[in-house]
Asker: 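My questions will all concern the structure given below.
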Amino acid sequence: QASIDQAKAEVRGPVWWIAPDNPARIEACKRAAAEARRKAEAYAEALGMRLGAVSEIREASDRGMSPMPRAKAMTLAAAEPAIEVDPGELNVDALVEVSFRLEG
């Protein structure tokens, strides 16, 4: 820690990410979309309306954390000694915004 403070450096990571086609991520996306529909149906019902067609679907950003380009990661891995890291558990969440047309 003293070296980091002295160098006025910032340490980030390690960072794990889920591939877009990972089954756990796909399931999280499906659940987020189903929850969006349930909430929209509740609002529409409260307003005496019903849901129409989906007009827009937008996935929330990854909060600024993007995977490091593979070439850079390989270069860094080759330059640094191995560090033992216990990955622990990873929560997989999805956040989606869905806009529906409302029908009277």
Side-chain angles (χ1 to χ4, degrees):
Q1 181 66 39
S3 299
I4 294 168
D5 295 339
Q6 184 178 6
K8 296 181 181 165
E10 185 176 324
V11 177
R12 294 185 188 178
V15 176
W16 284 264
W17 60 279
I18 303 281
D21 60 345
N22 182 292
R25 184 181 184 294
I26 298 298
E27 181 61 26
C29 291
K30 287 179 182 179
R31 289 181 183 191
E35 180 64 14
R37 175 174 287 281
R38 277 192 294 275
K39 287 181 178 180
E41 287 171 344
Y43 285 119
E45 182 181 333
L47 296 169
M49 303 180 90
R50 65 183 188 281
L51 289 187
V54 172
S55 60
E56 181 179 10
I57 302 174
R58 191 170 9 151
E59 190 172 10
S61 73
D62 59 359
R63 298 180 208 110
M65 293 174 34
S66 59
M68 185 182 300
R70 186 173 179 82
K72 184 174 181 181
M74 289 173 59
T75 301
L76 289 175
E80 298 295 325
I83 298 174
E84 191 173 324
V85 177
D86 179 8
E89 292 184 12
L90 185 61
N91 290 326
V92 180
D93 297 316
L95 181 61
V96 65
E97 294 178 11
V98 182
S99 297
F100 295 89
R101 298 194 189 284
L102 292 176
E103 298 175 351

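A quick note: this is a predicted structure, and the numbers were derived from the prediction, not measured. Along the sequence shown, residues carry numbers from 1.
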Asker: Could you report the tightest heavy-atom contact between Leu51 and Ala44, atom names first, then the distance?
Answerer: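 Shortest heavy-atom contact: CD2-CB, 4.1 Å.
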Asker: Any Lys/Arg nitrogen of Arg38 or Glu41 sitting under 4.0 Å from an Asp/Glu carboxylate oxygen of the other?
Answerer: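 Salt bridge flag = no for Glu41 with Arg38.
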Asker: Within this structure, what is the CD-CD1 distance for the pair Glu97 and Ile57, rounded to the nearest 0.5 Å?
Answerer: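 CD1 of Ile57 is found 11.5 Å from CD of Glu97.
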Asker: Between atom CZ of Arg101 and atom CZ of Arg50, what is the distance when rounded to the nearest 0.5 Å?
Answerer: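 Output value for this atom pair is 14.5 Å.
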Asker: Of the non-hydrogen atoms in Glu59 and Cys29, which two are nearest, and what is the gap between them?
Answerer: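 The answer is OE2-SG, 4.1 Å.
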Asker: Would you give the length of the straight line joining atom CD1 of Ile18 to atom CD1 of Ile26, rounded to the nearest 0.5 angstrom?
Answerer: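 Here the interatomic distance stands at 11.0 Å.
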Asker: Distance check, rounded to the nearest 0.5 Å: Trp17 atom CH2 versus Asn22 atom CG?
Answerer: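 Result: 9.5 Å between the selected atoms.
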Asker: Give a yes or no on whether a salt bridge exists between Glu35 and Arg31, defined as a side-chain N under 4.0 angstrom from a carboxylate O.
Answerer: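 Salt bridge between Glu35 and Arg31, a charged N being under 4.0 Å from a carboxylate O: no.
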Asker: Which heavy-atom pair separates Phe100 from Ala36 by the least distance, and what is that distance?
Answerer: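 In this case the closest contact between Phe100 and Ala36 is CE1-O, 4.2 Å.
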Asker: Closest approach of Arg37 and Val54, non-hydrogen atoms and distance?
Answerer: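 Result for this residue pair: NH2-CG2, 4.4 Å.
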